[in-house]
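Note on naming: letters A, B, ... go to the chains in the order of the sequence lines (proteins, then strands), and numbering restarts at 1 for each one.
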There are 2 protein chains.
Amino acid sequence: MHKALNIFDSLPKDLKSEVFEDIVRSSPVRIERIVSKGHASPDSGWYDQDENEWVMVVEGKASLIFEDGSKCDLSAGDYINIPAHVKHKVAWTDPDEITVWLAVFYK
Amino acid sequence: MHKALNIFDSLPKDLKSEVFEDIVRSSPVRIERIVSKGHASPDSGWYDQDENEWVMVVEGKASLIFEDGSKCDLSAGDYINIPAHVKHKVAWTDPDEITVWLAVFYK
């Protein structure tokens, strides 16, 4: 039997914090659903990751900011590839509706 | 500068055949957009892949069939992980609207 799941299934009710869930975890790749609602990264510090990250906003709106000062607004279907060690953070996510991200981390 | 692209950008007009486009190509992972409209796999033969495939329907409707006879209907947001060498094929895609797939192939 082969059964599909849905990216919008079982959305967390408690979104006091962002919710990160593994979809696929293997050694070369990790696929993750992230659900945000009004969350942003702390003012100080950056994500500085050992893995490359390909990330798409499936639903909602968000804004990334990079160490070079550039900003990247994302809405449904928008995706970006963030190479390892390119420092970035989440500047903003929509406070009024849920933002569902799909992230693929890979070496 | 960091610029997002959109999964729905530049959808191919000529869909006489399905259109496969790389989004990310690295040695451990390949992320691909597939655009279908009424396409299905040939009646005989199966996809028998060396890589695992995680696939999600972003927009549209499709149906997969597996060698064990099970069928899997997919609509927007539905995803399934197909391990390497699990034989499958596309039984159906919606002939009236475009189906956009996001596929992540990994070892």
Side-chain angles (χ1 to χ4, degrees), chain A residues 1-11 21-33 51-59 61-84 86-89 91 100-107, chain B residues 1-11 21-33 51-59 61-84 86-89 91 100-107:
Chain A
M1 262 305 288
H2 299 274
K3 192 163 164 12
L5 299 173
N6 191 287
I7 195 84
F8 303 114
D9 275 352
S10 309
L11 289 171
E21 293 156 290
D22 281 349
I23 293 177
V24 169
R25 176 179 282 277
S26 78
S27 77
V29 70
R30 186 162 44 90
I31 302 178
E32 202 173 84
R33 180 177 80 172
E51 295 167 301
N52 307 295
E53 177 180 0
W54 180 88
V55 66
M56 182 171 84
V57 166
V58 182
E59 180 181 271
K61 286 191 193 68
S63 181
L64 297 176
I65 188 162
F66 292 84
E67 203 188 20
D68 67 5
S70 63
K71 218 179 121 197
C72 183
D73 293 330
L74 302 168
S75 53
D78 286 338
Y79 63 83
I80 188 165
N81 193 56
I82 306 172
V86 168
K87 292 182 188 170
H88 64 283
K89 61 174 123 183
V100 178
W101 310 75
L102 180 73
V104 181
F105 297 91
Y106 62 98
K107 298 275 174 161
Chain B
M1 263 303 289
H2 299 272
K3 196 164 160 13
L5 299 173
N6 190 286
I7 195 85
F8 303 114
D9 276 353
S10 308
L11 288 171
E21 294 156 289
D22 280 349
I23 294 177
V24 168
R25 176 180 283 275
S26 79
S27 76
V29 71
R30 187 164 42 90
I31 302 178
E32 203 173 83
R33 179 177 81 172
E51 295 167 300
N52 308 294
E53 177 181 359
W54 180 88
V55 66
M56 182 170 82
V57 166
V58 182
E59 181 180 273
K61 286 191 193 67
S63 181
L64 297 176
I65 188 162
F66 293 84
E67 203 189 18
D68 67 6
S70 63
K71 218 180 121 197
C72 183
D73 292 331
L74 302 168
S75 53
D78 287 338
Y79 63 83
I80 188 164
N81 193 56
I82 306 171
V86 167
K87 292 183 187 168
H88 64 282
K89 61 174 124 182
V100 177
W101 310 74
L102 179 73
V104 181
F105 297 90
Y106 62 99
K107 299 274 173 162

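The most heavy-atom pairs under 4.5 Å with chain A, out of B:Asp9, B:Ile31, B:Val55, B:Asn81, come from B:Ile31. Between chain B and the residues A:Ile82, A:Ile23, A:Leu74, A:Val58, the largest count of heavy-atom pairs under 4.5 Å involves A:Ile23. Options A:Asp73, A:Leu64, A:Ile80 differ in how many heavy-atom pairs under 4.5 Å they form with chain B, and the most are formed by A:Ile80.
Closest approach of B:Phe8 to A:Gly77, counting heavy atoms only: CE1-CA, 4.2 Å.
Using modelled atom types, one side-chain atom of A:Asn6 and one backbone atom of B:Ala76 make a donor-acceptor pair closer than 3.5 Å.
Residues A:Ile7 and B:Met56 are in side-chain contact: their nearest non-hydrogen atoms beyond the backbone lie under 4.5 Å apart. By the 4.5 Å heavy-atom criterion applied to side chains, A:Val104 and B:Tyr106 are not counted as neighbours. At a threshold of 4.5 Å between non-hydrogen side-chain atoms, the residues B:Tyr79 and A:Leu5 count as touching.
Only the side chain of A:Val86 comes within less than 4.5 Å of a heavy atom of chain B; its backbone N, CA, C and O stay farther away.
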- Given B:Leu102 and A:Leu102, is the side chain to side chain contact (heavy atoms under 4.5 Å, CB included) satisfied, shown in steps? CA-CA 11 Å; B:Leu102 179 73; A:Leu102 180 73; 3.4 Å; yes

